[in-house]
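What you see is a predicted model; the values in this text were computed from it and never measured. Letters A, B, ... are given to chains in the order of the sequence lines, protein chains preceding strands, and every chain is numbered from 1.
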Number of protein chains: 2
Amino acid sequence: MTAAPVQPGDAAAARAGSYPKGVARRQEILTRAIEVFAAKGLEGTSLRAIAEAIGVSHAALLHYFPSREELLIEVLKANETRFNATDAERDPTEIVGIMTNAAHRNVGIPGMVSLYSSMLAGSIEEGKEYSREYFSGRFERLRAKLVSRIQIGQAAGTVRTDLDPEALAALVIAASDGLQVQWLLDPKVDIAGSLELLDVILAPAQEKK
Amino acid sequence: MTAAPVQPGDAAAARAGSYPKGVARRQEILTRAIEVFAAKGLEGTSLRAIAEAIGVSHAALLHYFPSREELLIEVLKANETRFNATDAERDPTEIVGIMTNAAHRNVGIPGMVSLYSSMLAGSIEEGKEYSREYFSGRFERLRAKLVSRIQIGQAAGTVRTDLDPEALAALVIAASDGLQVQWLLDPKVDIAGSLELLDVILAPAQEKK
DNA sequence: GTCTATAGGGCGATAGAC
DNA sequence: GTCTATCGCCCTATAGAC
């Protein structure tokens with residue numbers, strides 16, 4: 001890692017096109033790919049179809065990304081990063097709200113939910129180690145983020161202290177993921193309405209009549 | 001459609017092999033297919049691979065099932081039916097317990113969870129109307145079943161009455177689905193532990209100290 | 001009725017020309 | 001750095017043997 005590569009730790013980016021020109025082109029392809037997925041979803045997204053929509057050959061795509069799998073995961077990563085900045089600005093005691101917000105952002109671009117779900121389902125299978133690593137890491141990261149917020153809430157007295165933060169974090173994430181898919185299949189499913197029920201779990205013993 | 005077809009409404013079964021011999025053979029293939037998926041998951045399940053594992057040609061499979069998609073959905077349906085009988089016997093006031101039970105049954109056969117998730121993700125895409133219809137119907141059915149149990153609980157005073165049964169049902173299902181996938185990616189996720197938190201939502205205002 | 005054999009078109013991936 | 005050509009595999013469809 002010498003002259004002008006990208007971030008030292010970014011193995012995927014370094015694998016091909018590690019120098020200025022290549023990096024720029026890679027970014028451009030990624031950006032265009034996100035647009036394509038957002039608009040059309042995963043429907044018939046062969047390497048050839050993606051390449052055509054972008055205006056290159058499918059072999060050119062494979063010059064920048066070692067496989068279809070890695071290209072698609074990079075699209076998810078880029079889309080995730082794009083929104084993470086927003087979350088940091090939010091009230092650090094929010095727990096369900098942060099997921100509701102994310103869920104609504106996602107269903108606004110159904111293609112991304114479709115891509116996310118498909119890659120997640122695929123990541124369980126053998127031979128999809130790259131996907132598996134991404135999703136393992138993503139869930140780990142997301143749970144840690146929520147656990148931290150839950151603990152802040154517990155210390156502040158706004159969240160019941162008799163609940164396991166890890167179990168709660170996993171639950172909130174699972175509910176958010178699951179509701180997005182149900183909503184895509186049937187828009188009468190009320191994502192926010194269902195997620196808000198989780199606030200009932202969080203609230204300390206209430207002085208309810 | 002003349003002599004001895006199966007149930008008139010069962011379009012999928014009627015499409016091919018509508019006669020006693022064919023129906024039996026179809027069932028046999030389905031049973032074998034379930035075993036294959038349970039053991040190996042969705043990994044490399046081309047029609048040819050499934051056919052080989054069962055011991056027939058891939059064309060023979062297509063004689064009984066009009067497409068790979070429909071075969072796979074039939075596998076899910078058969079697997080679902082297999083367990084539905086068990087649920088009917090359970091305590092009719094159970095809500096979270098019924099899902100915890102189902103979730104644990106599922107993670108015992110990871111291949112089925114993998115198949116389920118993949119087909120569910122795929123069902124969102126265009127051209128997968130058969131899958132979409134199955135999952136729409138399944139979620140509708142499942143929500144209705146839970147709504148009924150929730151309403152019984154509300155009438156009996158064991159469930160808070162200020163919660164929307166529909167929203168609650170969708171939440172419980174979403175959480176169960178999402179947790180199964182998280183568990184497959186990271187076994188330290190405690191499915192039952194997380195789902196049990198939902199019981200806190202259900203309980204009426206407690207006389208907690 | 002049940003199944004085998006075969007053909008068409010698309011896929012991801014690779015090799016090598018320019 | 002990007003392309004064309006090609007490989008082996010896949011799903012689907014169909015003709016016709018038994």
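Following rounding to the nearest Å, A:E52 (CD) and C:dG10 (P) show an atom-to-atom distance of 12 Å. Separating the CD1 atom of B:I29 from the C1' atom of C:dG1 is a distance of 14 Å, rounded to the nearest angstrom. With rounding to whole Å, A:L71 atom CG is found 10 Å from C:dA13 atom P. Distance, B:H63 NE2 to D:dA13 P: 15 Å, rounded to whole Å. Distance, A:R68 CZ to C:dA13 P: 8 Å, rounded to whole Å. One interatomic measurement links the two molecules: CD1 of A:I54 to P of D:dG1, which rounds to 17 Å at whole-angstrom precision. Per the geometry, CZ belonging to A:F65 stands 15 Å off P belonging to C:dG12, to the nearest Å. Atom CG of A:L42 and atom C1' of C:dC11 are 14 Å apart (whole Å).
Side-chain proximity of A:L47 to the nucleotides C:dT14, D:dG1, C:dG12 is greatest for C:dG12. Side-chain proximity of A:L62 to D:dT4, C:dA13, C:dC11: nearest is C:dA13. The side chain of B:S46 approaches D:dC10 more closely than any other nucleotide in the set D:dC3, C:dC3, D:dC10. Counting only heavy atoms from C-beta on, B:R25 has its side chain closest to C:dC3 among D:dC3, C:dC3, D:dG1. Nearest nucleotide to the B:Y64 side chain, out of D:dC10, C:dT14, C:dC3: C:dC3. Side-chain proximity of B:A59 to D:dT12, C:dA5, C:dT2: nearest is C:dA5.
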Can you give each donor-acceptor pair under 3.5 Å made by side-chain atoms of residues 51-62 of chain B, sequence neighbours left out, with the distance rounded to 0.1 Å?
from  : atom 1 : to    : atom 2 : distance (Å)
B:S57 : OG     : B:A59 : N      : 3.4
B:S57 : OG     : B:A60 : N      : 3.1

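Contact annotation: side chain of B:H58 to base of D:dT12, donor-acceptor pair present below 3.5 Å.
Between A:G55 and A:R48, the residue whose closest nucleotide on DNA chain D is further toward the 5' end is A:G55.
If you check every strand for non-hydrogen atoms under 4.0 Å, A:V56 touches sugar and phosphate atoms only.
Looking only at atom types and distance, the side chain of A:E69 has no donor-acceptor partner in the side chain of A:Y134 under 3.5 Å away. Donor-acceptor pairing under 3.5 Å is recorded for the side chains of A:D177 and A:Y116.
In this structure, A:L76 CG and A:N79 CG are separated by 7.0 Å, a value rounded to the nearest 0.5 Å. Between the CG atom of A:D190 and the CG atom of A:L179 there is a distance of 9.0 Å, given to the nearest 0.5 Å.
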